Amino acid sequence: MRQIPMSPSGERSSAWRFWEAHTVIPYCHETTAVAVSPLPNMTTLRDNRIELVRASWKELTISINDVTLSDEGQYTCSLFTMPVKTSKAFLTVLGVPAKPEITGLSRPAQEGEDVTLTCTTSGSKPAADIRWFRNDKEVQGQKEVNATGRSFTVRSSVHLKVDRKDDGAAYTCVVEHVSLGSMPHQVTEVLEVHYPPQVQIVHSVIVPQEGQYFKLECVSKGNPLPEPVFWTKDGGELPDVERMIVEGRDLIITTLNKTDNGTYRCEASNILGTNRDEFTLYVYDPNALTQHGPDHALIGGVVAVVVFITLCFIIVLGRYLARHKGTYLTNEAKGAEDAPDADTAIINAEGNHAHAEEKKEYFI
């Protein structure tokens, strides 16, 4: 409830702003006593929502309960004096948006299906704003505004091709409007997406050995959840049900032996399809693994010796080539140092080269 003054001292105008369902009390006030026409009868008021609160020779006050959009307009207060004193005010009524609704998903969607979610709110004035969020991240929607009488209907849609990552995702529509302040309307729709199974076998031991406890876990995901899962060995049933125990999605072999070698398959199904994964088991002899230990050390030692010998050979060969190249260059240039000109230097160098062919040096 709020009172709004209208002073008729001369012709004046003002503006008020309210929203629906509230109460507004316009009152007309004059600072000096004046003679006015008789006060209005209650029956002359528009409807029972409008009440005469106070009436005197200085003030006239009315109350409008449950304000609606139809109450918007110009209100005039007149004192019938000589001359007549008038004051005017324009009442603006804000339409409060209705709580939003999300449509477009009446059943679980299937992976790869195109889905359109539409959020609708009506009765806002001015038109409300709509924002979309996927979990906590804002996404863009396509907005549409339609006038319906004095108010507006606002729609916003998001289009998506759903996959298994959208299963359980929460899409929230938030309606913001000046009449709502910091408390916007919002509604949330949680997506349910159906998709075929995805299967993976996880083993508990990297190097399985005879006598060990061994477990294979069949990790299966899908919607609807694929239950139960089926285990087979080499294309047939499990051969030893006393040692091979199926607990839910797990296959447990209490004590491994060589007869357990083979290919194990886990298969899972739901209404959208079937998927499977395989694991090849080879059981090692723990004694054989111990005996093979020194062989690895021996191989490592042999490799180290070979690398050392190769490095020594490369060093010796490099030193030999360096000495041989230096002597060859020295003999070839001998005789050309004291030549008076280029031609003589070439002749002397050729002569020394011929002499060098006769006198050879050998390095051991």
Side-chain angles (χ1 to χ4, degrees), residues 102-119 132-137 139 157-173 187-284:
I102 295 178
T103 57
L105 193 64
S106 58
R107 58 176 177 78
Q110 291 191 13
E111 186 175 31
E113 183 179 348
D114 292 320
V115 173
T116 300
L117 299 179
T118 302
C119 179
W132 281 98
F133 292 86
R134 183 187 188 276
N135 297 328
D136 295 328
K137 184 178 180 180
V139 295
S157 300
V158 290
H159 307 277
L160 56 149
K161 182 182 288 292
V162 297
D163 60 20
R164 61 190 62 196
K165 295 180 181 178
D166 292 312
D167 187 37
Y171 279 81
T172 301
C173 168
V187 62
T188 299
E189 183 80 28
V190 178
L191 297 188
E192 182 181 0
V193 181
H194 284 182
Y195 55 94
Q198 182 179 4
V199 179
Q200 181 183 10
I201 295 179
V202 179
H203 52 92
S204 61
V205 180
I206 298 177
V207 182
Q209 304 176 33
E210 286 185 289
Q212 283 185 334
Y213 171 91
F214 187 71
K215 182 175 76 172
L216 293 176
E217 180 183 0
C218 183
V219 181
S220 59
K221 297 179 181 180
N223 192 9
L225 187 65
E227 286 185 336
V229 298
F230 298 95
W231 285 97
T232 59
K233 178 179 183 291
D234 296 329
E237 297 182 354
L238 299 176
D240 191 345
V241 293
E242 293 184 357
R243 290 187 308 108
M244 299 180 177
I245 303 172
V246 177
E247 293 184 354
R249 289 179 168 80
D250 300 338
L251 171 60
I252 298 173
I253 304 177
T254 56
T255 307
L256 287 174
N257 60 49
K258 288 289 187 178
T259 62
D260 297 328
N261 292 342
T263 300
Y264 293 80
R265 173 184 291 180
C266 171
E267 186 173 282
S269 301
N270 63 13
I271 59 175
L272 297 178
T274 301
N275 204 345
R276 61 191 61 84
D277 192 21
E278 294 183 348
F279 175 79
T280 301
L281 173 63
Y282 182 81
V283 180
Y284 292 88

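Only a predicted model underlies this, so the values are computations on that prediction, with no experimental measurement involved. Residue indices begin at 1 and follow the sequence shown.
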Query raised in the report: Just how far is it from atom CG of Asn261 to atom CG of Leu281, taken to the nearest 0.5 Å?
Result: 6.0 Å

Query raised in the report: What is the minimum heavy-atom distance between Thr255 and Gly211, and which atoms define it?
Result: CG2-CA, 3.7 Å

Requested in this report: Mind telling me whether His203 and Phe214 have parallel, tilted or perpendicular rings, with 30° and 60° as the class edges?
Outcome: parallel

Query raised in the report: What distance separates Glu237 CD from Thr232 OG1, expressed to the nearest 0.5 Å?
Result: 9.5 Å

Query - Atom of Gly104, atom of Leu117 and distance for their closest heavy-atom approach - result: C-CD2, 4.5 Å

Query - Pair Asp166 + Arg134: basic N to acidic O under 4.0 Å - result: yes

**Report entry** Flag side-chain contact, heavy atom, 4.5 Å: Val283 against Glu210
**Finding:** yes

Requested in this report: Can you measure from OH (Tyr284) to CG (Leu256) and round to the nearest 0.5 angstrom?
Outcome: 12.5 Å

Report task. Verify, without hydrogens or angle tests, whether Asp277 (side chain) and Ile201 (backbone) share a donor-acceptor contact under 3.5 angstrom. Result -> yes

Report summary line: With Glu111 as partner, the option from Arg164, Lys161, Lys165 fulfilling salt bridge (Lys or Arg N to Asp or Glu O under 4.0 Å) is Arg164

Query raised in the report: Do you know the tightest heavy-atom contact between Thr259 and Lys233?
Result: O-NZ, 3.8 Å

**Report entry** Residues Thr118, Thr103; criterion side-chain hydrogen bond (donor to acceptor under 3.5 Å, both in side chains); working and verdict
**Finding:** CA-CA 5 Å; Thr118 302; Thr103 57; 4.6 Å; no

Query raised in the report: Under the disulfide bond (SG atoms under 2.5 Å apart) rule, what pairs show up with a residue in residues 193-234, not counting sequence neighbours?
Result: Cys218-Cys266

